[in-house]
Amino acid sequence: MRHIISVLLENEPGALSRVVGLFSQRNYNIESLTVAPTEDHSLSRLTLTTVGDDRKIEQITKHLNKLVDVVKLVDLTEGAHVERELMLIKVKASGAQRAEIKRTADIFRGQVVDMTQNTFTIQLAGTSDKLDGFISAIGPASVMEVVRTGVSGISRGEKVLGL
Amino acid sequence: MDLLSGGEMLIRALHDEGVDIIFGYPGGAVLHIYDAIFNQDKVEHILVRHEQAATHAADGYARATGKPGVVLVTSGPGATNAITGIATAYMDSIPMVVISGQVESKLIGSDGFQETDMVGISRPVVKHSFMAQDPAEIPMLVKKAFHIATTGRPGPVVIDIPKDVTDPKVKLPYQYPRSVKMRSYSVPAKGHSGQIKKAVEILLAAKRPVIYSGGGVIQGEGSALLTRLTKKLGYPITNTLMGLGAFPGTHKQFLGMLGMHGTYEANMAMHYADVVLGIGARFDDRVTNSDVSKFCPDAKILHIDIDPASISKTVTADVPIVGSVSAVLKEMLELIESSEQKVDKKSLGVWWKQIDQWRERNCLQIPESTGGIIKPQSVIRTLYEVTKGDAYICSDVGQHQMFAAQHYPFDKPRRWINSGGLGTMGFGLPAAMGVQFAFPKATSVCVTGEGSFQMNLQEYATCMQYQLPIKIVCLNNQALGMVKQWQDMQYGGRYSHSTYAESLPDFAKLAEAYGHVGIKIEKMSELKKKMEQAFALKDKLVFVDVLVDPEEHVYPMAIKGGAMKDMVLSKTERT
Ligand SMILES: Cc1ncc(C[n+]2csc(CCOP(=O)(O)OP(=O)(O)O)c2C)c(N)n1
Ligand SMILES: [Mg+2]
């Protein structure tokens with residue numbers, strides 16, 4: 001199963017490489033990874049998605065917790081949560097195609113953030129599934145370039161991952 | 001407050017941390033630090049002859065004393081040479097602090113002379129690492145490094161220090177922090193009381209119990225409590241290779257070591273047990289045999305460990321208990337002593353009868369020797385007699401290591417010192433040095449093979465410089481015996497690069513060349529007498545070169561892919 005693990009990490013040099021190194025060293029895979037400082041600049045928030053059975057995920061969270069730079073972590077998929085991924089996608093759009101693509105973007109609540117005579121650059125946020133859905137709706141033939149941030153997420157309700 | 005340079009702060013901080021000895025080797029990036037060492041007499045520095053030996057010596061010191069071992073090496077090749085020793089300590093959870101020099105901050109990343117990314121290279125084999133940015137940080141980094149290395153599941157910590165950070169011209173006020181608190185690092189202390197209670201209930205209700213304990217009991221200073229608990233219950237106990245000595249090896253409840261080269265009775269008892277209490281052991285593949293689905297099929301597994309990641313990693317625990325072994329064992333003992341529930345004496349009697357039958361197989365019996373040929377096992381038994389079982393035995397890696405583990409019973413913890421997890425050939429001699437520095441009056445023995453010994457024999461010079469009266473007992477089978485054994489058993493006796501009899505040095509002369517004593521033993525009839533002579537030379541290093549039967553194999557040996565009950569017992573028998 002796919003899990004979203006969200007980590008509060010000391011914002012120290014080398015901390016990220018320890019997390020990434022752990023995954024390669026123990027043969028766990030990372031599907032996506034996002035990281036940035038939080039409102040408290042001594043901390044980074046790192047979100048990663050990985051796939052594995054319960055046993056593997058348990059080992060992953062235990063080993064992450066053992067890293068001295070890891071302050072706290074939560075497996076968001078264990079409870080209700082909101083997940084989002086941002087995508088910027090540059091697509092071919094000329095002639096009659098333009099209206100069609102615009103309409104598809106609207107349906108997916110995407111925004112055109114840049115355009116030329118032959119292209120649209122569309123910004124889209126949502127679950128990874130939704131972004132995948134948009135790409136197939138547009139048709140891979142029209143896609144010129146895709147940039148995705150990877151998943152980030154937060155628990156629903158009053159639960160917080162903080163100090 | 002004193003004004004000190006970074007280099008001076010480092011040495012002062014080590015002293016304030018209680019360090020009185022460090023093992024190292026100088027070079028450009030650490031010259032400021034060496035100058036600071038020169039100007040004081042509180043911390044003794046031991047000059048080894050290779051950085052790998054510095055780490056093993058510090059490691060041996062740590063294993064024998066329980067105190068952290070400290071290493072100082074230069075950047076680049078000094079740092080990379082230390083890696084094998086760091087990995088060795090990491091695999092066996094040994095507390096160690098390694099200080100490595102680094103090129104000047106402004107050169108980092110420029111492929112400067114003797115630059116390597118030590119923090120990067122060591123990352124997978126350290127518990128944590130730091131790079132010093134500023135001399136003002138040094139006292140706190142040292143404090144944190146020792147705190148991390150010695151608490152929880154211990155392990156090696158690296159402090160990488162760029163040369164400019166130890167500059168003697170930059171002096172800053174020095175104060176050693178009294179305590180350290182890290183929001184991202186905490187140590188599990190007590191175990192969960194509910195879990196402990198549950199474990200005790202299962203343990204007391206057991207009909208065929210086995211206690212299986214590992215190196216964590218020794219590292220966690222839990223040996224006395226383990227011994228009390230085991231005697232109180234009257235249950236059989238087995239130790240891992242790392243756990244030997246946690247329970248007295250000569251006690252009747254001790255079944256011997258378990259696992260790949262464990263005793264028949266220990267492995268059979270594990271296989272047929274209904275309750276296994278694992279303490280400070282990690283159910284690794286050398287114990288469980290490769291297929292964990294066949295491991296202890298009828299047993300409820302109770303597992304105590306300070307490292308949550310060690311629990312249910314390979315074998316799922318029915319009752320996991322995360323906590324320091326001492327705290328948990330103490331609580332268990334109290335519960336057992338106050339419990340109305342009593343041990344099932346009747347079933348236990350039946351179980352012991354069964355175990356005694358397994359014991360009758362006498363799986364460690366030494367095969368008969370003909371024509372005066374010395375069996376390697378006899379050398380270890382003789383060593384036991386000559387040292388009256390009261391030596392520190394530092395082993396290298398190979399058949400000789402397994403023979404030592406099987407045939408030298410350890411009645412005390414911290415007496416058996418070997419590289420269990422990484423299996424590092426070349427560990428023995430420098431580890432024995434570390435032990436001898438820690439206990440100058442003790443008998444420090446290195447049990448080795450002619451293969452392993454040649455991996456760090458440059459340390460003869462260190463032993464001469466510091467007058468270390470180590471006794472080296474070499475089970476010379478003229479081959480990489482353990483490799484050859486596998487080639488015998490699995491590769492049709494094709495000895496691909498495992499023999500070199502024609503090119504071995506004259507080990508006795510080699511010892512003499514360094515100013516030590518060399519003794520050669522070739523016949524069974526002279527074994528005891530010559531060993532006694534060697535050990536009578538109290539203030540000399542003696543290399544005892546014992547020519548042993550090159551055909552001997554280590555048995556029992558687990559059958560790959562089988563259960564713990566599946567063993568080869570001799571060249572002609574299997575279970
Ligand atoms: C550094 C290192 N290289 C290779 C090995 C693989 N290995 C394990 S045992 C062994 C043979 C050891 O020979 P020796 O020291 O003579 O001991 P013996 O088995 O003959 O008693 C080898 C090569 C190892 N454990 N460590
Ligand atoms: Mg050999």
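Labels below follow one simple rule: chain letters A, B, ... track the order of the sequence lines, proteins then strands, and each chain is numbered from 1. These figures come from a predicted structure and were not determined experimentally.
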Nearest heavy-atom pair of A:Arg98 and A:Ala93: which atoms, and what distance?
-> NH1-O, 2.7 Å
Could you check if a side-chain atom of A:Ile101 sits within less than 4.5 angstrom of a side-chain atom of A:Ile138, using non-hydrogen atoms only?
-> yes
Would you confirm whether A:Glu85, through its side chain, and A:Gly150, through its main-chain N or O, come within 3.5 Å as a donor-acceptor pair?
-> yes
Checking heavy-atom separations under 4.5 Å from chain A, one finds in residues 131-161 of chain B B:Gln133, B:Ile148, B:Arg153
Are any of the side-chain heavy atoms of A:Val19 and A:Leu9 separated by less than 4.5 Å?
-> yes
Candidate pair B:Lys300 and B:Val319, rule side-chain contact (heavy atoms from CB on, under 4.5 Å), full reasoning = CA-CA 8 Å; B:Lys300 280 220 161 66; B:Val319 184; 6.0 Å; no
Under 4.5 Å between any side-chain heavy atoms of A:Glu145 and A:Thr119, yes or no?
-> no
Spell out the residues in residues 38-60 of chain A that have some non-hydrogen atom less than 4.5 Å away from a non-hydrogen atom of chain B, in order of number; otherwise answer 'none'.
-> A:Asp40, A:Ser42, A:Leu43, A:Arg55, A:Glu58, A:Gln59
Apply the test side-chain contact (heavy atoms from CB on, under 4.5 Å) to residues A:Val70 and B:Ser184: give CA-CA distance (whole Å), side-chain angles for both, the deciding distance (0.1 Å), then the verdict.
-> CA-CA 6 Å; A:Val70 168; B:Ser184 58; over 6 Å; no
Identify the residues of residues 86-103 of chain B whose heavy atoms come closer than 4.5 Å to a heavy atom of chain A, ordered by number, or report 'none'.
-> B:Tyr90
Does any heavy atom of chain B fall under 4.5 Å from the side chain of A:Leu8, the backbone, both, or neither of them?
-> neither
Do A:His81 and A:Glu83 come within less than 4.5 Å of each other through their side chains, counting heavy atoms only?
-> yes
Contacting moiety of B:Ser186, where chain A heavy atoms sit under 4.5 Å | neither
What orientation do B:Phe295 and B:Phe283 show, parallel under 30°, tilted 30 to 60°, or perpendicular over 60°?
-> perpendicular
Would you say the side chain of A:Leu73 lies within less than 4.5 Å of the side chain of A:Asn65, judging by non-hydrogen atoms?
-> yes
For B:His303 and B:Ala317, the nearest pair of non-hydrogen atoms, with its separation, is CB-CB, 3.8 Å
More than 12 heavy atoms of other groups within 6.0 Å of B:Arg183 CZ | yes
Would you say the side chain of A:Lys66 lies within less than 4.5 Å of the side chain of B:Asp307, judging by non-hydrogen atoms?
-> yes
Identify the residues of residues 114-127 of chain B whose heavy atoms come closer than 4.5 Å to a heavy atom of chain A, ordered by number, or report 'none'.
-> B:Arg123, B:Pro124, B:Lys127
Is the closest side-chain heavy-atom distance between A:Leu76 and A:Ser155 below 4.5 Å?
-> yes
Consider only side-chain N and O atoms of B:Ser129 and A:Arg18, and report whether a donor and an acceptor are under 3.5 Å apart.
-> yes
Would you sort out whether B:Val322 and A:Lys62 count as a side-chain contact (heavy atoms from CB on, under 4.5 Å), showing the intermediate values?
-> CA-CA 12 Å; B:Val322 178; A:Lys62 281 174 168 179; over 6 Å; no
Provide the closest heavy-atom pair for B:Ser105 versus B:Val165 in the form atom of the first, atom of the second, distance.
-> OG-CG2, 4.4 Å
